[in-house]
Amino acid sequence: MHAIENYIIDDKIDDYIRRDDLNGGKEFYLESKMSDLRKDLNSFYDIESPYKNFKYFENKGYPISDGYERKILNEQSKLDRIEGFLTFANLYLLKKTGVDSYSEGFEFFKNNSLKYFLEKKTEEPYHVEVEKYENLLVNFIEKLLREEEKSNYYAEMLAGLVKAIFLREITSVQRIKTFYYDCFVIEYENNFYSLCKYWTS
């Protein structure tokens, strides 16, 4: 194995498998362990995700740089970025949807219990398949943005900020609705992360 600039090149393929599907049908090899741990891969472009590769780096025992620790592993930094995005998004939505005293927006919560939401629920919560949560999360966000310009772009951006929190396996995903909230709740490492759409009047 040898390095060229920022790439690591193997001159043996003993631990690699053929994954031409990631390269438009053209010959392509991927390390077996990477293939096992990255079930989300649709293209070789997806391989470079620093968040998605955490389990791979952990499995291989690679040393973690200060920059990776600060940007990828620091949960508070991720929560701050979500909060910053929601400040922008809610001001935007207030201008677009605010009528008299009525307004809509997003809030994000991290809790160790769902007691509050479950006590206030207006219908029974329902679980969704963890494997499908990423697309469902984007759709959930996009519905509030409606047909606003670049709604899909902003929905993908916010969903990406939320997904960056979950470096290991997610326990469950569910939707919980109360009178004022419609929440997309992700259970992860004994905490509940809830992206909620709200309305006020």
Side-chain angles (χ1 to χ4, degrees), residues 37-43 45-56 71-94 96-97 103-114 116-118 120-199:
L37 294 174
R38 292 291 309 277
K39 301 299 186 184
D40 61 297
L41 294 176
N42 295 307
S43 164
Y45 291 111
D46 299 331
I47 294 172
E48 296 183 359
S49 171
Y51 296 102
K52 297 285 189 178
N53 283 334
F54 170 74
K55 288 188 291 186
Y56 172 77
K71 295 179 180 179
I72 308 302
L73 303 185
N74 187 331
E75 184 179 276
Q76 187 57 53
S77 176
K78 299 175 192 179
L79 296 174
D80 290 344
R81 289 197 290 271
I82 293 172
E83 189 67 29
F85 185 94
L86 293 186
T87 299
F88 155 77
N90 287 338
L91 286 173
Y92 177 80
L93 288 169
L94 181 62
K96 293 291 184 179
T97 65
S103 65
E104 298 178 340
F106 291 105
E107 289 189 273
F108 190 79
F109 304 95
K110 175 187 176 183
N111 304 101
N112 57 18
S113 168
L114 291 177
Y116 173 81
F117 291 127
L118 293 177
K120 302 290 184 180
K121 71 181 188 297
T122 55
E123 58 186 72
E124 286 303 311
Y126 64 91
H127 285 77
V128 299
E129 295 180 45
V130 172
E131 294 76 14
K132 297 180 179 179
Y133 97 92
E134 295 191 5
N135 289 333
L136 293 173
L137 178 60
V138 173
N139 293 337
F140 173 81
I141 297 167
E142 217 171 4
K143 284 182 180 178
L144 180 54
L145 298 176
R146 297 188 185 87
E147 298 176 358
E148 305 299 340
E149 185 179 1
K150 296 185 178 180
S151 61
N152 180 260
Y153 172 79
Y154 290 127
E156 291 279 2
M157 183 180 295
L158 177 54
L161 292 174
V162 173
K163 291 185 293 185
I165 293 173
F166 313 118
L167 299 177
R168 297 185 176 89
E169 296 300 321
I170 288 171
T171 304
S172 69
V173 181
Q174 59 184 306
R175 291 282 298 277
I176 302 177
K177 294 183 180 181
T178 72
F179 186 70
Y180 289 108
Y181 286 108
D182 180 3
C183 297
F184 195 101
V185 182
I186 300 171
E187 182 183 1
Y188 175 72
E189 296 194 341
N190 300 316
N191 286 295
F192 297 93
Y193 299 80
S194 306
L195 179 65
C196 299
K197 297 186 285 190
Y198 68 83
W199 70 273

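Here, residue 1 is the first one in the sequence, and each next residue gets the next number.
For Y193, the ring-ring contact (aromatic ring centres under 6.0 Å, His included) partners two or more places apart in sequence, or in a different chain, are F166.
Counting only heavy atoms from C-beta outward, the side chains of V138 and N152 approach each other to under 4.5 Å. Inter-residue side-chain proximity for S194 and L114 is flagged as met; some heavy-atom pair is nearer than 4.5 Å. Between I186 and V130 there is no side-chain heavy-atom pair separated by less than 4.5 Å. Under the 4.5 Å side-chain criterion, counting only non-hydrogen atoms from C-beta, L137 is in contact with K163. Side-chain atoms of F184 and V162, non-hydrogen and from C-beta on, never get closer than 4.5 Å to each other.
When all heavy atoms are compared, the tightest approach of Y188 to L167 is OH-N, 3.2 Å. The two residues N90 and G105 come nearest to each other via the heavy atoms OD1-CA, 3.3 Å. E104 approaches L144 most closely through the heavy-atom pair OE1-CD1, 3.1 Å. Of all non-hydrogen atoms in F109 and Y181, the two that sit nearest each other are CZ-OH, 3.8 Å. Shown here for A159 and I141, the closest heavy-atom pair between the two residues is N-CD1, 3.7 Å. The minimum heavy-atom distance linking A155 with L145 is given by the pair N-CD1, 3.9 Å.
The backbone N or O of P50 lies less than 3.5 Å from no partner atom in the side chain of N53, so there is not a single donor-acceptor pair. Here the side chain of N111 pairs no donor or acceptor atom with the backbone of S113 at under 3.5 angstrom. Here the side chain of K39 pairs no donor or acceptor atom with the backbone of E131 at under 3.5 angstrom.
Judged as a salt bridge (charged side-chain N to carboxylate O under 4.0 Å, His left out), the pairs with a partner in residues 73-92 (not counting sequence neighbours) are, in order, E75-K110. Applying the salt bridge (charged side-chain N to carboxylate O under 4.0 Å, His left out) test to pairs two or more places apart or on separate chains, those with a residue in residues 166-176 are K55-E169, E58-R168, R168-E189, R175-D182.
Neither side chain, E187 nor T171, offers a donor N or O lying under 3.5 Å from an acceptor on the other.
Atom CD1 of I47 sits about 6.0 Å away from atom CG of L41, to the nearest 0.5 Å.
F88 has its ring centre less than 6.0 Å from the ring centre of Y154.
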